Every structure is written in structure tokens, then in C-alpha cells.
Asker: 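Attaching a single structure in C-alpha cells format; questions to follow.
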There are 2 protein chains.
Amino acid sequence: MDGIDYSLLKQMAVTIGEVAKITDIPIRKLRYWEDKGYIKSVDEQAHTTRRFDYYMIKKVVLMKELIEDGYTVEASSQKVEARMGKLRQVFDNLTRK
Amino acid sequence: MDGIDYSLLKQMAVTIGEVAKITDIPIRKLRYWEDKGYIKSVDEQAHTTRRFDYYMIKKVVLMKELIEDGYTVEASSQKVEARMGKLRQVFDNLTRK
DNA sequence: CTCCTTTTGTAACTAATCTCCAATTATTAT
DNA sequence: ATAATAATTGGAGATTAGTTACAAAAGGAG
């Protein structure tokens, strides 16, 4: 539609509190999901606190829907990953900073 | 290209520290710019700490270029606003939460 | 009931941000 | 050069947000 700056978008990483607010999923649960490996935060030495990018937030949103539909967390994670292949590639091909 | 979820993008608001890191502009200066009205953070009762959305980060990036080119902060702000009309409309028409 | 998944609670700590005071440096006009 | 305005910066003291690491409690399937 117009030109979203993907490079900028990739750099935008929000705190766990923001993700919780956006997705309406408790912080505690998000940390659990990360512990289990279903989601992951941006890895940077510079950060001592977690940050999540657009791709990961979107994943959480989609996972939530599937879970509400009856899927397990594990299954939801896998299904979402499969569906988000295109976006994932875009993000993978961008370097953050 | 693919479908960016604008509604989600709009909700993504990052801390001032993130903006500082992304734009390479000191936190202190960003706060000054906000005090002066050149930029503004998301207004939400829920937040006690500042958050900036995609539109505003992009504005900072563009302002920085113009300032380096010799424009005053004030002039840069105005020029950028003028140039970002399209994106601004998109953001204005989206409600956050 | 039992096993395993999933979620939640809390304490003690660290990191990040806040406001509010003011001072300093740059630029422009007279 | 001096005065006035623009632009930037410093720091103390307080507050908010996020961290880990322990553990406990629900929930579902066999």
C-alpha cells in the first residue's frame, strides 16, 4: 500500500509488558512460553531485559487463537510457524542493527 | 508484498531507550524534543513511561537527516510532517487498543 | 489416582525510566 | 562583542518495569 520500512520495523522491539498488553496474555505466561521455546526474544548482548519484535508478537497472537480453538501450546506453535513462512523469511533476511 | 498487520503495528510502541538505540539519538535529547512538541509519545493512561510508535520513530529518523543537513529542529519537524502525510493518515485512522 | 502439561505466585534484585532542578553550548540578531 | 534565543546536557532522588529462581497449583489424558 505505502512503503513500510522493513528495516526499521525489524528494529522495533517491545518489552514483555507491551506484548502482554497487546495480546492480553499475562507476562508470566509469556515467560513460560519462552522458557519452553515456543517463542523467543531478540537476542542481543546489549539487552538485559527481553524484547520482542513484530514477527514474534504476531506469532503470539496467532498461537492464542489456535489455543482457544483447542490446540495444545506445542501444536499451536508449530502450526503458526508453518503459516508464517513468508513473513519469517522477510525477517530473517533483515539484520537488526 | 506480504500483508503487514497495520492494526498490530500501530499497537507496537517501544520505550525511549529503544528509540535512542534505533536512531542513535540520546534519550535526553528525545525527551527535550518531546518537551518542545516536535515529537510525541503515545498517550495512554496505562503508561507511566513513554512509548513511541512506528510513525514517530520514522519521524525521528527523518528529522535527524534534515538536521544534519542544516535545518533547524523546528523546520525539520515541519518538513517531515509534510512528507509523511500518507503514513500519518494510515496511523490516524487506526485506533490503538 | 498418576503422569505430564500448563499456568500462576512471590520474594529479592537489577535495570530502565521519570521529573525537576539547573547549567552549558550554539546560533542569530543588534 | 553583547544580548537573546535555540539546542543540548547533567545529575539526584524517586518510581516503575523487568529479572531470576524457587515452588505450588490447576488441568487434562490414560
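Predicted, not measured: the structure shown is a model, and the values here were computed from it. We name chains A, B, ... by the order of the sequence lines, and we start the count at 1 in each one.
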Asker: Does C:dT14 have OP1 or OP2 sitting under 4.0 Å from an N or O in the side chain of A:Thr49?
Answerer: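 For C:dT14, OP1/OP2 do not have a side-chain N/O of A:Thr49 under 4.0 Å.
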
Asker: Work out how much the helix from C:dC1-D:dG30 to C:dT30-D:dA1 bends between its end axes, five pairs an end, to the nearest 10 degrees.
Answerer: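 Its terminal axes enclose an angle near 40°.
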
Asker: Within a strict 4.5 Å, meaning less than it, do heavy atoms of the B:Tyr54 and B:Met12 side chains meet?
Answerer: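 B:Tyr54 does not reach B:Met12 side chain to side chain.
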
Asker: Can you give the donor-acceptor pairs under 3.5 Å from side chains of residues 55-69 of chain A to other protein atoms, not counting sequence neighbours?
Answerer:
from    : atom 1 : to      : atom 2 : distance (Å)
A:Tyr55 : OH     : A:Glu81 : OE1    : 3.0
A:Lys58 : NZ     : B:Asp5  : OD2    : 2.8
A:Lys59 : NZ     : A:Tyr38 : O      : 2.6
A:Lys59 : NZ     : A:Ser77 : OG     : 3.1
A:Lys59 : NZ     : A:Glu81 : OE2    : 2.7
A:Lys64 : NZ     : A:Thr23 : O      : 3.0

Asker: Does A:Val19 form a side chain to side chain contact (heavy atoms under 4.5 Å, CB included) with A:Arg51? I'd like the steps, not just the answer.
Answerer: CA-CA 9 Å; A:Val19 179; A:Arg51 297 295 147 99; over 6 Å; no

Asker: Quick check for you: name the first and last nucleotides of DNA chain D, 5' to 3', having an atom under 4.0 Å from a heavy atom of chain B.
Answerer: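 Span of nucleotides near chain B: D:dA7 to D:dA17.
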
Asker: Could you check how far CD1 of A:Ile67 sits from C1' of C:dT7, rounded to whole Å?
Answerer: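 Rounded to whole Å, this separation is 11 Å.
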
Asker: Starting at atom NZ of A:Lys36, determine the distance to atom C1' of C:dT7, rounded to an integer number of angstrom.
Answerer: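 Going from A:Lys36 (NZ) to C:dT7 (C1'), I get 11 Å.
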
Asker: Counting C-beta onward and ignoring hydrogens, is there a side-chain heavy-atom pair between B:Ile16 and B:Arg31 closer than 4.5 Å?
Answerer: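 A side-chain contact exists here, since the closest heavy-atom pair is under 4.5 Å.
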
Asker: Please enumerate all residues that pass side chain to side chain contact (heavy atoms under 4.5 Å, CB included) together with B:Thr72, with sequence neighbours excluded.
Answerer: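 Result, side chain to side chain contact (heavy atoms under 4.5 Å, CB included) vs B:Thr72: B:Glu74, B:Ala75.
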
Asker: Between B:Asp53 and B:Leu9, does a side chain to side chain contact (heavy atoms under 4.5 Å, CB included) hold up when you go through it step by step?
Answerer: CA-CA 8 Å; B:Asp53 63 20; B:Leu9 176 58; over 6 Å; no

Asker: Please tell me if the side chains of B:Phe52 and B:Val42 come closer than 4.5 Å, counting only heavy atoms from C-beta onward.
Answerer: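 Counting from C-beta outward, B:Phe52 and B:Val42 never come under 4.5 Å.
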
Asker: Side-chain contact, heavy-atom cut-off 4.5 Å: A:Lys36 with A:Tyr32?
Answerer: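 A side-chain contact under 4.5 Å exists here.
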
Asker: Could you tell me how far apart B:Phe52 (CZ) and C:dC18 (C1') are, to the nearest whole angstrom?
Answerer: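 From B:Phe52 CZ to C:dC18 C1': 12 Å.
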
Asker: Taking only residues two or more places apart in sequence or in another chain, which ones pass salt bridge (charged side-chain N to carboxylate O under 4.0 Å, His left out) with A:Arg50?
Answerer: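 So A:Arg50 forms a salt bridge (charged side-chain N to carboxylate O under 4.0 Å, His left out) with A:Glu34.
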
Asker: Near DNA chain C, which residues from residues 27-35 of chain A have a heavy atom under 4.0 Å away?
Answerer: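 Contacting residues: A:Arg28, A:Lys29, A:Tyr32, A:Trp33.
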
Asker: Does CZ belonging to B:Phe91 count more than 12 external heavy atoms closer than 6.0 Å?
Answerer: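 Yes - once you tally the heavy atoms of other residues, nucleotides and ligands closer than 6.0 Å, there are more than 12.
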
Asker: Hey, which of these two, B:Tyr38 or B:Thr48, hits DNA chain D nearer its 5' end, going by closest nucleotide?
Answerer: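 Result of the comparison: B:Tyr38.
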
Asker: Return the 5'-most residue of the pair B:Ile16, A:Pro26 with respect to DNA chain C, ranking by each residue's nearest nucleotide.
Answerer: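 Of the two residues, A:Pro26 wins.
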
Asker: A side-chain contact here means heavy atoms from C-beta on lying under 4.5 Å apart; do A:Val73 and A:Trp33 qualify?
Answerer: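 Yes, side chains in contact.
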
